[in-house]
Amino acid sequence: MAKNSYDAEAIEVLSGLDPVKKRPGMYTDTSNPNHLIQEVLDNSVDEALSGHCSNIKISLLKDGNIKVSDNGRGMPVDIHPEHKVTGVELILCKLHAGAKFSGDDYNFSGGLHGVGVSVVNALSEALEVKVKRDSQEFQIDFSNGDKVSELKKIGDVGLRNTGTSITFKPNPEYFEDINVQVKTLKHLLKAKAVLCPGLTIEFINEKKPNDKEKWYFEDGLKSYLNESSEGAELILEDSIICAKEGSAQELEFAINWSPKPPKNKLDETYVNLIPTAQGGSHLNGFKSGLLESIKEFCEYRNLLPKGLKINADDIINNAIFIVSSKLQNPQFAGQTKERLDSKDHMSFVSSTTKDILSIWLNTHTEEGEKIAELAIISAQTRAKVSNIVERKKTFKGPALPGKLSDCNSQDLNETELFLVEGDSAGGSAKQARERSFQAIMPLRGKILNTWDLESAEIIKSQEIKNLSTAIGVLPGNSDLSSLRYGKICILADADSDGLHIATLLCALFLRHYKPLVQEGRIYISMPPLYRIDCGKEVLYALDDSQRDEIVKNFKSKKGKPKINIQRFKGLGEMNPSQLRETVMDPSTRQLVKLSISSSDNANSMMDLLLSKKNAAARKEWLEKKGSLAKI
């Protein structure tokens, strides 16, 4: 049970790699160790991207260890002038330490946060690093993130014999499954080789003697797309290939179409050779460019039926494609880097895609009309389905509230409804959400205090009636068969008014939707109150104490860094990318589950806070405890 007192002694400061061990899910995918391998691999691939590495080898050893070695320049072994430890120790033991922040040593790279390989160290029972450089070989060992032996010279090597070898054993304490997903890993390794022509990647599984593979591609995306679509019927004899270099960004893509959606559809996107499973700016730009060029082609040749509008999904439904972006300082949605948030890159990808496709379509008109025909058929099918859905909404059950922005999925295992305070925040949340499984319902100010009221009475409130219709369950009803969302998340401002609204909503669910609470479907989002900028670093604080701690850590850095503190007056002040990162993205947000047990005093506390009958007791409580509140 939490202590009643809150003083300086209660503040805990995590140092070194402790934050990773405390909250591993914030730094890596804890379902299996595959992401740890990717973090180490990305460092080697960054060396290849910079022209310093031509061979990478990944080995799954019999004893459960995983080994990743390359012939790059080798990690630095000299003493860092400020931190007074070797470069390799700094990289392995310090969060946000690396050579990729400035861009001086790496033009394009995937390891941008200086976090990846130190996370591997923190979550491994044992980790051994061997470095070859300057005609010598060095070794240093770690256990659970702690150094167990100093860096030492273990031999001499040739002047040109350089590289880094990392051998680690993931700690099963942090993972749901300690086994490496070999099929997924091989797919990733092959894609890396495709996206970095001239790089050889080897894979050896010592647990299965014949499980060895090697990948090397000279012509990159084209051969990968052809190999992935082998056996499928394709419209274009030669896939459309793009390769454009800019001063600070590059784009490559390959695309083709099939008359029918292929079973094993290739639709992969990468940023600096990092797979982005959730897409992001580059995918949005690619789809936008495709749409603009196809629409322009259709309009010029008068192919679109009257009143029909095509969208980007109509164009890529039957497409197989791979998109590879490279850019300096990409902004990802979280440490697992599954989604790109670099807005400037979207316009580069969109304009490049449109230019390439427009030229191609005007020189391949017959094949272009076949692609346009697929998009038109898709749009017509979509229009018919939309009409059917509209009829169902009209004649069956209550109409959904007009302010509800619904999601596409109906799977309760993934669908989420965010109850957002205010129309302004609701607008930002709509842009920040993942449309496939996240729905948004803006609320107008403080809802009715329902704690002392009967369920039949509160439904007279239009706001609660709309909320009940959106959820699919009437207040006081224990039948949840018509429930429309698996998670219902209360998203209110971090100030006192927001906390009041959140309290009123908690009261509504505790009193009138208790089965939802008992099933663990009600959550409270924890939006930040402050944004703190220091140079290129941006951190968020939930309250004043977190703000003060972050500022203190920034001020302890060498020099006099300029610190800018922004206090959010409300969620409406946050832009969509900030909202997505702090309260909506499952990989980076903080959610608190609303739960009750027989041992707690939830009902008596809510009675004290909200019951009209307890005004006197509430006044007495405020007189005694009111000084504990911080404004």
Side-chain angles (χ1 to χ4, degrees), residues 195 219-226 228-229 233-259 261-262 265-271 276 279-327 340 342-383:
L195 297 166
D219 54 357
L221 301 189
K222 182 179 179 181
S223 58
Y224 184 46
L225 187 140
N226 291 340
S228 300
S229 58
E233 181 185 353
L234 299 179
I235 284 180
L236 308 181
E237 186 174 341
D238 294 314
S239 300
I240 303 173
I241 307 295
C242 164
K244 181 176 179 179
E245 295 184 14
S247 58
Q249 48 194 340
E250 297 179 9
L251 173 67
E252 288 185 79
F253 69 76
I255 187 168
N256 207 321
W257 282 265
S258 174
K265 184 177 181 180
L266 177 69
D267 55 356
E268 297 175 2
T269 60
Y270 296 83
V271 174
T276 44
S281 309
H282 54 326
L283 177 58
N284 294 338
F286 179 64
K287 291 165 70 173
S288 173
L290 284 176
L291 177 60
E292 287 185 40
S293 57
I294 297 290
K295 279 176 66 178
E296 190 179 86
F297 178 76
C298 289
E299 289 168 3
Y300 181 75
R301 302 185 69 82
N302 199 25
L303 300 176
L304 284 175
K306 187 176 180 179
L308 184 70
K309 293 183 179 181
I310 60 173
N311 62 27
D313 290 334
D314 295 325
I315 296 170
I316 66 168
N317 277 343
N318 288 40
I320 54 171
F321 62 87
I322 178 169
V323 178
S324 174
S325 284
K326 296 189 180 100
L327 63 156
L340 181 69
S342 299
K343 304 306 178 191
D344 294 342
H345 188 60
M346 179 176 171
S347 59
F348 171 77
V349 176
S350 179
S351 60
T352 300
T353 304
K354 182 181 184 299
D355 291 345
I356 294 292
L357 260 292
S358 295
I359 294 171
W360 187 92
L361 289 167
N362 288 317
T363 54
H364 300 76
T365 54
E366 187 176 337
E367 291 171 307
E369 288 186 0
K370 291 180 181 178
I371 297 170
E373 184 182 355
L374 287 177
I376 290 168
I377 292 171
S378 174
Q380 289 171 330
T381 304
R382 177 171 50 81

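Any value given below was found using the heavy atoms of this structure, including those in side chains, with hydrogens, waters and symmetry copies removed.
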Check this for me: does any side-chain nitrogen of one of Lys326 and Glu245 sit under 4.0 Å from a carboxylate oxygen of the other?
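No salt bridge links Lys326 with Glu245.
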Looking only at heavy atoms, which two atoms of [X] and [Y] are closest? And how far apart?
X	Y	value
Tyr270	Thr276	N-OG1, 3.7 Å
Val349	Gly285	CG1-C, 3.7 Å
Asp314	Ser378	OD1-OG, 2.8 Å
Lys309	Ala379	O-CB, 3.8 Å
Gly279	Thr269	CA-OG1, 4.0 Å
Ile310	Leu291	O-CD1, 3.7 Å

If we ignore hydrogens and angles and just use 3.5 Å, is the side chain of Ser258 paired with the main-chain N or O of Glu233 as donor and acceptor?
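Pair found, side chain donor or acceptor close to backbone of Glu233.
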Is the backbone of Asn256 close enough, under 3.5 Å, to the side chain of Ser239 for a donor and an acceptor to pair up by distance?
no
Suppose we screen for side-chain contact (heavy atoms from CB on, under 4.5 Å). Which residues come up paired with [X], at least two apart in sequence or across chains?
X	answer
Thr352	Cys242, Lys244, Leu251, Phe348, Ile356
Asn362	Phe297
Ser288	Glu292, Ser350

Do [X] and [Y] come within less than 4.5 Å of each other through their side chains, counting heavy atoms only?
X	Y	value
Ile320	Leu234	yes
Ile235	Asn318	no
Ser228	Glu268	no
Lys287	Ile315	no

Going by ring pair (Phe, Tyr, Trp, His ring centres under 6.0 Å), name the residues that satisfy it together with Phe321, two or more places apart in sequence or in a different chain.
Phe286
Worked verdict on Leu195 versus Leu221 for side chain to side chain contact (heavy atoms under 4.5 Å, CB included)
CA-CA 7 Å; Leu195 297 166; Leu221 301 189; 3.5 Å; yes
Please list all pairs meeting ring-ring contact (aromatic ring centres under 6.0 Å, His included) that have one or both residues in residues 354-383, counting only residues at least two apart or in different chains.
Trp360-His364
Is the count of non-hydrogen atoms from other residues, nucleotides or ligands lying under 6.0 Å from Lys354 atom NZ greater than 12?
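Enclosed: over 12 neighbouring heavy atoms sit under 6.0 Å from NZ of Lys354.
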Has Lys222 got more than 12 heavy atoms of other residues, nucleotides or ligands less than 6.0 Å from its NZ?
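No.
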Please determine, by modelled atom types, if Ser358 and Ser293 share a side-chain donor-acceptor pair under 3.5 angstrom.
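No, no side-chain donor-acceptor pair sits under 3.5 Å.
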Could you please spell out the steps behind the side chain to side chain contact (heavy atoms under 4.5 Å, CB included) verdict for Ile371 and Leu236?
CA-CA 9 Å; Ile371 297 170; Leu236 308 181; 4.2 Å; yes
Just how far is it from atom CG of Leu290 to atom CD1 of Ile255, taken to the nearest 0.5 Å?
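Taking CG in Leu290 and CD1 in Ile255, the distance rounds to 4.5 Å.
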Rounded to the nearest 0.5 Å, how far does CG of Leu225 lie from CZ of Phe253?
11.5 Å
Are Ile294 and Leu361 close enough, and set up right, to give a side chain to side chain contact (heavy atoms under 4.5 Å, CB included), and what steps lead you there?
CA-CA 8 Å; Ile294 297 290; Leu361 289 167; 3.9 Å; yes
Scan for salt bridge (Lys or Arg N to Asp or Glu O under 4.0 Å) pairs involving residues 363-378, sequence neighbours excluded, and state none if there are none.
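For residues 363-378, and leaving out neighbouring residues, the salt bridge (Lys or Arg N to Asp or Glu O under 4.0 Å) pairs sorted by first residue read Arg301-Glu369.
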Leu374 vs Asn317, side chain to side chain contact (heavy atoms under 4.5 Å, CB included): CA-CA, chis, key distance, verdict:
CA-CA 9 Å; Leu374 287 177; Asn317 277 343; over 6 Å; no
